[in-house]
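Chain A is the first sequence line, chain B the second, and so forth, proteins listed ahead of strands; every chain is numbered from 1.
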There are 2 protein chains.
Amino acid sequence: MNDLFSYNKITVEIIEALKEKIGANNVCADEEKLETYSHDEVPQSAYEKKYTAELLLFPESTAHVSEIMKIAHERKIPVTPRGAGTGLSGGALPAWGGIVMSFEKMNRILELDEENLTITAEPGVVTAEISRTAAQHGLLYAGDPCSGDASFIGGNIAENAGGNKVIKYGATGAQLLALEVVLADGSVTWFGGKRRKDVTGLDFVHLMAGSEGILGIITKAVLKLMPLPRHSVDLLAAFPDARSAIDFVPRIITEGGLIPASIEFLDQKALKLTERYLNTQVPAGDAGAALIIQLENNDAGLIEKEFEEIGKLSQKHGASEVYVADTRTTKDRIWQARKAVPEAVSFFYSRYTKEDLVVPTALVPQLLEMIREKAEADGLEWIAYGHAGDGNMHCTIISPDCEDWHERLHAVQERIYAELIKMGGTLSGEHGIGFKRKGYMKFFLDEAQLELIKRVKLAFDPQNILNPGKLVDWER
Amino acid sequence: MNDLFSYNKITVEIIEALKEKIGANNVCADEEKLETYSHDEVPQSAYEKKYTAELLLFPESTAHVSEIMKIAHERKIPVTPRGAGTGLSGGALPAWGGIVMSFEKMNRILELDEENLTITAEPGVVTAEISRTAAQHGLLYAGDPCSGDASFIGGNIAENAGGNKVIKYGATGAQLLALEVVLADGSVTWFGGKRRKDVTGLDFVHLMAGSEGILGIITKAVLKLMPLPRHSVDLLAAFPDARSAIDFVPRIITEGGLIPASIEFLDQKALKLTERYLNTQVPAGDAGAALIIQLENNDAGLIEKEFEEIGKLSQKHGASEVYVADTRTTKDRIWQARKAVPEAVSFFYSRYTKEDLVVPTALVPQLLEMIREKAEADGLEWIAYGHAGDGNMHCTIISPDCEDWHERLHAVQERIYAELIKMGGTLSGEHGIGFKRKGYMKFFLDEAQLELIKRVKLAFDPQNILNPGKLVDWER
């Protein structure tokens, strides 16, 4: 197994060859830049050492990517593709050095096809730009990661990014129709097509979603669009405590008989922390917990009926107050609180573990209860917020102020994971495994499946040069 | 490559070992039965020779499947899993003899989870039973293959069956949350879980969808459910000719601003043929072509508004008449015509090629025009019907009555495929490649991708015992 991870260093000669193929202005060995491009949003404190790329490349086209891969393949150089660096699992970390390939110059929307309801983009397009462009044509791009204002669509696909609207529309993978991919040896192929059904071959389009750059490099993506819902309303329901808020979530669907676009949850600590961070009063800032429920449809009359029904239902189930937002300004105010939580956490704390746990939706109350128990047993502070509608909670456990904080966090994580598995939950819903979580994979997937992941990885990339050291732990 | 296809024959000793593991009543070597279980709905005339299994097995549990695979793996015996035999690409054909494993005894719905909106079933459950069970609880299973009254859910998954509602809900793959799978060596694993988001590992759940039994054997499936739409209406719009009907399809979405649950198309020949077959007048039986448009939502007032809007829109775009069906009886009458087309074709003709072509939705008019041209140039009769809403048309070309009919059909197919590729279309939208279409794969996928399919197949099944000889053509 070990020679799978023996790579060659980048030589002056290789740098010259790369400059010739993709232009000297797209090749960078500046130390400061290398450092900047050698991490994502996982704090350095999560790792014991620092990982730095040897060379930074900025391809401008599929042909550039192909040329780079041909050289990397021939010389056995690791290549780590990188989007906007907003990742939360160290997926873009150059764990074995080599090349970091940044997609910031491949940032064009290539086509919006109103007849076929598709949008085709290069991997470096910011996700929000895709949504905006679609909306200008009365269309919806349904992928909606919280990082959408900054993250690149290529990174969204590589991580199968989730976000706020998964409950109704599915994660990024569900929006994919086709991908142009450069394979490990530099050959270029298309998976899928501008087709709503396709069983011609294995479904490599969806295998690529969430594959974290270990199988191939995405150079173009064809994404589904749909008619933009004509009306949307956001409700913020304040509850006396986390339990009553969370217990209400499955009732929205089962008693309300509809699937909202989003159901987001914030506990009291998340509300308070955000209020402090934003230095302004947030709606339901005094509540024990809050839910944000987003409804979308095409009929003004119906949406009014729906939000009144959900409003009444929430009060029947213990909500103390319900705010309704149907203008840009009031909506922004409601979502501001939710979207600021991660920033608030990293502003006030430097050592914490931001979890991405997911359980069967109806078990979110038990999940929160379990986290509370485990954290309290260890005397640790914690904050709970996230995508309650799809069972994906970003519980964040704050590190104690002590020397062995790393070990103590790690120990509580392992205790939480053991319980999580019993609940049918798993390690990551949307942030990915990457470098940060790969050590825990053995708790969640059996030996047969870990072995399959490795074999499929090597089927795509026999030399193990594409983002090596991610997703599974095989450097033993 | 060749020794990948050298298998051992089934001996008396192997039969005894199997009887001991799964019970003598589940092991069958009766010749007549072997013949019955050695084909699907592709007519024998499509192949030059007959393929017959050596042994037929009826596992009753995952443990049985695992025991069978352990023996098959040890002895190098090919194993072809089989659902209800309703397949349309020879996926269940035992192309290399060996074992046919029928799932008719693994036919239990194991759980309907109203809290988490899931249903868990064994592979031998008839799809319509899943829909019915869900509906009894006010829930919708959104997979809806035309064969649903007979086909098994395991087969639906293995083929990624499409059907009538893909435009709104996606194909069978989009309904999957988790699969229990027996791997080639008999080990049992779970891909996915009862979770709405999951990036813990590679997405093997969706890789299994449409993998035609070559990667692993599905023994349990956890499927998504959603609230059953409270109201649905079917419209049948009669048009003077195919062109005006088909041109209207993209307008439903772009001008109507909504995505119907189905948009189905029948040309004049399909209408006439069905009328003759059913020996009754069908709605719009005299029309030049017809569209069936199904609308679903939760509000009686809104659905009325929607069908009136779509009705008016269709008349604006050339529909001569619009029938509205909102009762069980009137709906059945509308759908009867559509659902009877395949039966009518196989009743009146014995030699034909039923295509499963798919193009970008807006190109369906060009597709039909191209088929007409190619068929007429060769003096061949043809019928067009299918899922216009998602670009998947089951054009059926009737064989001429001559000795070299096989060659003539083949020649026109190749001419059609060459044009199809230029349109961004592909070979199969939902029926699969299986045995019937694998010879054409080289026209649609490049060498790099065909090679990847083979490598991934061998990553899952190094001995090539799982449904060998399907999906790609490598017996060279």
Side-chain angles (χ1 to χ4, degrees), chain A residues 114-117 159-160 162 166-167 171 173 183 187 189 193-203 206-207 209-211 226-227 230 250 253-254 257-259 298-299 301-302 358-362 390-392 424 426-430 432-433 444-446 448-449 452-453 455-456 459-460, chain B residues 114-117 159-160 162 166-167 171 173 183 187 189 193-203 206-207 209-211 226-227 230 250 253-254 257-259 298-299 301-302 358-362 390-392 424 426-430 432-433 444-446 448-449 452-453 455-456 459-460:
Chain A
E114 288 186 77
E115 291 283 297
N116 290 301
L117 298 177
E159 300 293 331
N160 195 11
V166 172
I167 178 177
L183 300 173
S187 55
T189 191
K194 208 187 267 184
R195 300 179 287 261
R196 297 279 158 169
K197 279 175 173 172
D198 191 347
V199 293
T200 309
L202 293 175
D203 185 354
H206 292 100
L207 185 65
S211 67
M226 59 181 80
R230 292 180 194 145
I253 299 169
T254 53
L258 58 87
I259 296 191
N298 270 345
D299 190 75
L302 178 60
V358 53
V359 290
T361 321
D390 52 44
N392 179 215
T426 197
L427 183 56
S428 179
E430 57 180 22
I433 303 305
F444 292 90
L445 299 185
D446 61 28
Q449 197 166 157
L452 267 187
I453 293 175
R455 285 204 230 147
V456 170
F460 274 78
Chain B
E114 288 186 78
E115 290 284 296
N116 289 302
L117 298 178
E159 299 294 331
N160 195 11
V166 171
I167 177 176
L183 299 174
S187 56
T189 190
K194 208 187 265 184
R195 299 179 288 262
R196 298 278 158 170
K197 277 175 176 172
D198 191 347
V199 292
T200 310
L202 292 176
D203 185 354
H206 293 100
L207 184 65
S211 68
M226 59 183 82
R230 290 178 196 150
I253 299 169
T254 53
L258 57 87
I259 293 190
N298 271 343
D299 189 76
L302 178 60
V358 54
V359 290
T361 321
D390 51 43
N392 179 214
T426 198
L427 184 57
S428 179
E430 57 182 21
I433 302 306
F444 293 90
L445 300 184
D446 60 29
Q449 196 165 159
L452 266 186
I453 293 175
R455 286 203 230 146
V456 169
F460 274 78

At a heavy-atom separation under 4.5 Å, does B:Phe460 approach chain A through its side chain, its backbone, both, or neither?
both

Counting only non-hydrogen atoms closer than 4.5 Å, does A:Asn392 touch chain B with its backbone (N, CA, C, O), its side chain (CB onward), both, or neither?
side chain

What residue, out of A:Val166, A:Ile259, A:Thr254, has the most heavy-atom pairs lying under 4.5 Å from chain B?
A:Val166

Would you check, one step at a time, whether the test side-chain contact (heavy atoms from CB on, under 4.5 Å) holds for B:Ile433 with A:Val199?
CA-CA 7 Å; B:Ile433 302 306; A:Val199 293; 5.7 Å; no

Closest-packed option against chain A by number of heavy-atom pairs under 4.5 Å, given B:Gly210, B:Gly257, B:Gly432, B:Ala448:
B:Gly257

Measuring heavy-atom distances to chain A, does B:Leu427 have an atom under 4.5 Å in its side chain, in its backbone, in both, or in neither?
both

Can you tell me which of B:Met226, B:His206, B:Arg196 forms the most heavy-atom pairs within a distance under 4.5 Å of chain A?
B:Arg196

Relative to chain A, which of B:Arg455, B:Glu114, B:Arg195 shows the most heavy atom pairs under 4.5 Å?
B:Arg195

Among the options B:Ser187, B:Gly162, B:Gly201, B:Gly173, pick out the one with the most heavy-atom pairs lying under 4.5 Å from chain A.
B:Gly201

So how far is it from B:Ile167 CD1 to A:Lys197 NZ, rounded to the nearest 0.5 Å?
10.0 Å

Of all the heavy-atom pairs spanning B:Leu258 and A:Pro227, show the shortest one and how long it is.
N-CG, 4.1 Å

Which bit of A:Leu445 comes within less than 4.5 Å of chain B, counting heavy atoms only: side chain, backbone, both or neither?
side chain

Would the distance check show the side chain of B:Thr200 and the main-chain N or O of A:Ser428 forming a donor-acceptor pair, the cut-off being under 3.5 Å?
yes

Residue among A:Thr426, A:Asp446, A:Asp299, A:Leu117 with most heavy-atom pairs under 4.5 Å to chain B:
A:Thr426

Portion of B:Leu302 that has a non-hydrogen atom of chain A nearer than 4.5 angstrom:
side chain

Quick one: of A:Ala459, A:Pro250, A:Gly424, who has the most non-hydrogen atom pairs under 4.5 Å with chain B?
A:Ala459

Sub-4.5 Å side-chain heavy-atom contact between A:Val456 and B:Leu202
yes

Nearest 0.5 Å, what's the CG-CG distance between B:Asp203 and A:Leu207?
7.0 Å

Check whether A:Thr361 reaches the backbone of B:Asn116 with its side chain - one donor and one acceptor, N or O, closer than 3.5 Å.
no

Once you round to the nearest 0.5 Å, how far does CG of A:Leu183 lie from CD of B:Gln449?
8.5 Å

Could you grab the distance from atom CG of B:Asp198 to atom CG of A:Asn160, nearest 0.5 Å is fine?
9.5 Å

